[in-house]
Amino acid sequence: MAVTKKSELKGTMDASSGPKNLSLNTHKAGMEGLDTEKINEIIKRASEGSRFYQHKQKHQQHLNEKLEVMKKEAASFTKEQTEKATKQMDQLIQELEAERDLSHTIVHVDMDMFYAAVEMRDDPSLRDKPMAVGSTGMLSTSNYAARKFGVRAAMPGFIGKKLCPELTIVPPNFSKYRAVSQEVREVFSHYDPGFSPMSLDEAYLDITDYLQKNSSLYVDEDDGDNHEQLAQAVVNEMRHKIEVKTQLTASAGIAANTRLAKVCSDLNKPNGQYYLPPDRDRILEFISSLPIRKVSGIGNVMEQHLQALDITQCGHLMEKRGLLKLLFSETNYENFLTIALGLGHSTLSAWTERDRKSISTETTFKGTSDRQTLFKLSVDLCQELAEDMQEKDIVGKVLTLKFKTIDFQIRTRAQTLSEATLLP
DNA sequence: GGGGGAAGGACCA
DNA sequence: TTCCTGGTCCTTCCCCC
Ligand SMILES: Nc1ncnc2c1ncn2[C@H]1C[C@H](O)[C@@H](COP(=O)(O)OP(=O)(O)OP(=O)(O)O)O1
Ligand SMILES: [Mg+2]
Ligand SMILES: [Mg+2]
C-alpha cells in the first residue's frame with residue numbers, strides 16, 4: 001500500500017506510472033537495433049509472475065477488448081458516413097491551414113542523459129561504465145553504456161542489474177540537478193529571456209527576435225536565404241556555451257513550432273541538433289513518415305488504438321481522417337489533424353507564467369493493512385505537504401488522498417474544502 | 001445543456 | 001524479493017439548476 005496526500009488549487013485528479021505494451025520500450029531514445037530479442041527475454045523472465053506483471057497483463061487484456069470493440073465499430077461505418085466525415089475534416093483542415101504560422105523559430109533543447117551525465121561529470125570513475133541513476137526499485141535514467149544493455153529510464157533497478165550485472169546504480173541528487181539546471185537556464189535567457197522550461201533538463205526557446213537582431217554576428221549579410229545557416233550557428237553556439245559552462249552536452253531541435261522542435265531534438269541525440277526548414281512542403285514530407293509514437297502526447301495506449309486501425313505513421317492520420325472523426329472525441333481528432341499537418345504552438349505564450357495547479361507528496365512502502373501504521377504514514381505525509389505548501393506560500397481547495405494497493409490498483413478519494421486552506 | 005465535484009486514466013520527465 | 005515521484009490534461013459519471 002502507498003499513501004499520498006495531495007492538495008489542489010483547482011479541481012481535478014490524477015494518477016501516474018504507465019507501463020509499456022507487452023515488452024520493452026524500444027521506440028523512445030538511445031540505442032537502436034541491438035539484441036532486443038534477448039533483452040525482452042531477460043525482462044520477461046525477471047518480471048513474470050510478479051504482481052506488477054500481472055497488473056500489466058490485466059491492463060493489456062482489458063485494452064485488447066476495447067480495441068476489438070473499436071475495430072468492429074470501424075468496420076460498421078458505411079462509405080457514405082466515412083465520406084461525409086472526411087469532408088467535415090477537410091473543412092477543419094482549411095481552418096487550421098489558414099492559421100499556419102511559419103514565421104517563428106522555435107528551439108527545443110534537451111540535456112543528454114541528464115541526471116546520469118551530472119553524476120559522471122562529478123565522479124570520473126563512473127565514466128565509460130554502464131551506470132544508472134535511481135534505486136533498486138526504479139531507475140530515473142541511464143547512461144549510453146547502460147542503454148546498450150537495454151537499461152532505461154522507468155525500469156526497476158533490479159531488472160537493470162539482470163540485463164547488465166556490472167551496472168552501477170547511483171542515488172539521485174536532486175539539489176545538484178536543480179543547480180545545474182539553473183546554470184543552463186542562464187544560457188537560455190541570453191537567447192530568449194522569455195524561454196519556457198518544461199522540466200529540469202529541457203526548455204523551449206523562441207529565438208525569432210534574437211536571429212533578427214544578431215544575424216550579422218553569425219553569417220554574411222546579403223547571403224540570400226540563410227535562415228538555416230543562421231539558426232544552426234546560433235543553436236550550435238548555445239549548446240557550446242552550455243557545455244563550457246557545465247561540462248554537459250545538450251541536443252536541440254529547430255523548427256517552426258514547439259511540436260516539431262520537440263521531435264527534432266531527439267533525432268541527432270546525443271550532442272547534436274536537427275533543423276527542419278519553415279516550409280510547408282518540407283514539413284509535410286517530414287511528418288508523413290514519422291512514427292506516431294514520436295509525437296509528444298501519443299503514448300502506449302493511443303499508439304495501440306491507432307495501430308489497430310493500421311495507423312503507424314503521421315501520414316496515415318491524414319489518410320484515415322474520416323474514420324478518426326467517427327471513432328474519437330473532438331479533442332482527439334482535432335489533435336490528430338494538427339499532427340498530420342505538422343502544426344503546433346508557434347509562440348510560447350501558452351506556457352508563460354502558468355500557476356501550478358497541484359502539489360503533492362507520496363511514498364511507496366512495504367504492503368500493510370494495519371490501520372495504525374497507515375494512519376501514521378498519512379499524518380507524516382500531511383505534515384510534509386503542509387510544510388511544502390507553507391514554504392511555497394500555496395493554499396489548497398481540494399484535498400486528495402491517493403492509495404495504491406499491492407496489486408497496483410490506484411484509488412483516490414477527494415474532498416473539496418469550503419475555503420482555500422493551508423492546513424487540512 | 002451547463003457547472004461543479006468526484007473518480008479514473010493517459011501521458012510526460 | 002522487488003516496478004518511483006510529481007506534475008498536466010482529458011473523460012466519464014453524478015447531482016443539480
Ligand atoms: N520515469 C521517470 N521517473 C523519474 N524521473 C525521470 C523519468 N524519466 C526521466 N526522468 C528524469 C531523469 C532524466 O535524466 C530527466 C530527463 O529526461 P529525458 O530527457 O527524457 O532523458 P535523459 O535526459 O536522461 O536522456 P536523453 O539523453 O534521452 O534525453 O528526467
Ligand atoms: Mg534529456
Ligand atoms: Mg527531457
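Below, each value reflects all heavy atoms present in this structure, side chains not excepted, and no hydrogens, waters or symmetry copies. Below, chains carry the letters A, B, ... as their sequence lines are ordered, and counting in each starts from 1.
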Engineer: Think A:Ser140 has a side-chain N or O under 4.0 angstrom from the OP1 or OP2 of C:dT5?
Structural biologist: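 For C:dT5, OP1/OP2 do not have a side-chain N/O of A:Ser140 under 4.0 Å.
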Engineer: When you get a sec, tell me which of C:dC9, B:dA6, B:dG8 is the closest nucleotide to the side chain of A:Arg413?
Structural biologist: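 The answer is B:dG8.
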Engineer: Considering only the C1' atoms, how many Å lie between C:dC4 and B:dC11, rounded to the nearest integer?
Structural biologist: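 Looking at atom C1' only, C:dC4 and B:dC11 are 16 Å apart.
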Engineer: Between A:Ser196 and A:Leu348, which heavy-atom pair has the shortest distance, and what is it?
Structural biologist: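 Here A:Ser196 and A:Leu348 meet closest at OG-CB, 3.6 Å.
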Engineer: In the structure I gave you, are the side-chain heavy atoms of A:Tyr115 and A:Asn173 within less than 4.5 Å of one another anywhere?
Structural biologist: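 They are not in side-chain contact.
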Engineer: Taking the ring of A:Phe328 and the ring of A:Phe336, is the distance between their centroids below 6.0 Å?
Structural biologist: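 Yes, the ring centres sit under 6.0 Å apart.
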Engineer: Using a 4.0 Å heavy-atom cut-off across all strands, classify A:Arg411 as base, sugar-phosphate, or nothing.
Structural biologist: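 Sugar-phosphate: the residue A:Arg411, judged by heavy atoms under 4.0 Å, touches backbone atoms but no base.
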Engineer: Any base atoms under 4.0 Å from A:Met302, or only sugar-phosphate, or nothing? Heavy atoms, all strands.
Structural biologist: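 If one applies the 4.0 Å heavy-atom cut-off, A:Met302 turns out to touch the sugar-phosphate alone, with no base involved.
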Engineer: When you measure from every atom of DNA chain C, which of residues 324-332 of chain A have a heavy atom less than 4.0 Å away?
Structural biologist: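 Going residue by residue through residues 324-332 of chain A, the ones with a heavy atom under 4.0 Å of DNA chain C turn out to be A:Ser329, A:Thr331.
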Engineer: With a 4.0 Å limit, can you tell me whether A:Ser360 has a side-chain N or O closer than that to the phosphate oxygens OP1/OP2 of C:dT5?
Structural biologist: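 Answer no for this pair, as no side-chain N or O of A:Ser360 is under 4.0 Å from OP1 or OP2.
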Engineer: Compare the minimum distances between each of B:dC11, B:dG8, C:dC3 and the side chain of A:Asn300, then state the nucleotide with the smallest one.
Structural biologist: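 Nearest nucleotide to the side chain: B:dC11.
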Engineer: Hey, does the side chain of A:His59 come within less than 4.0 Å of B:dA10's phosphate (OP1/OP2), counting only N and O?
Structural biologist: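 Yes, such a contact exists.
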Engineer: Base, sugar-phosphate or nothing for A:Phe114? Non-hydrogen atoms, less than 4.0 Å.
Structural biologist: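 No contact.
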Engineer: When you measure from the side-chain N and O atoms of A:Lys404 to the phosphate of C:dC4, is any distance below 4.0 Å, counting only OP1 and OP2?
Structural biologist: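 Affirmative; the distance criterion is met.
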Engineer: Does the side chain of A:Thr364 get closer than 4.0 angstrom to OP1 or OP2 of C:dT5 through an N or O atom?
Structural biologist: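 Yes, because at least one side-chain N or O of A:Thr364 sits under 4.0 Å from OP1 or OP2 of C:dT5.
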Engineer: Checking all strands, does A:Lys161 fall into the base, sugar-phosphate, or nothing category for heavy-atom contacts under 4.0 angstrom?
Structural biologist: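 Nothing: the residue A:Lys161, judged by heavy atoms under 4.0 Å, touches no strand.
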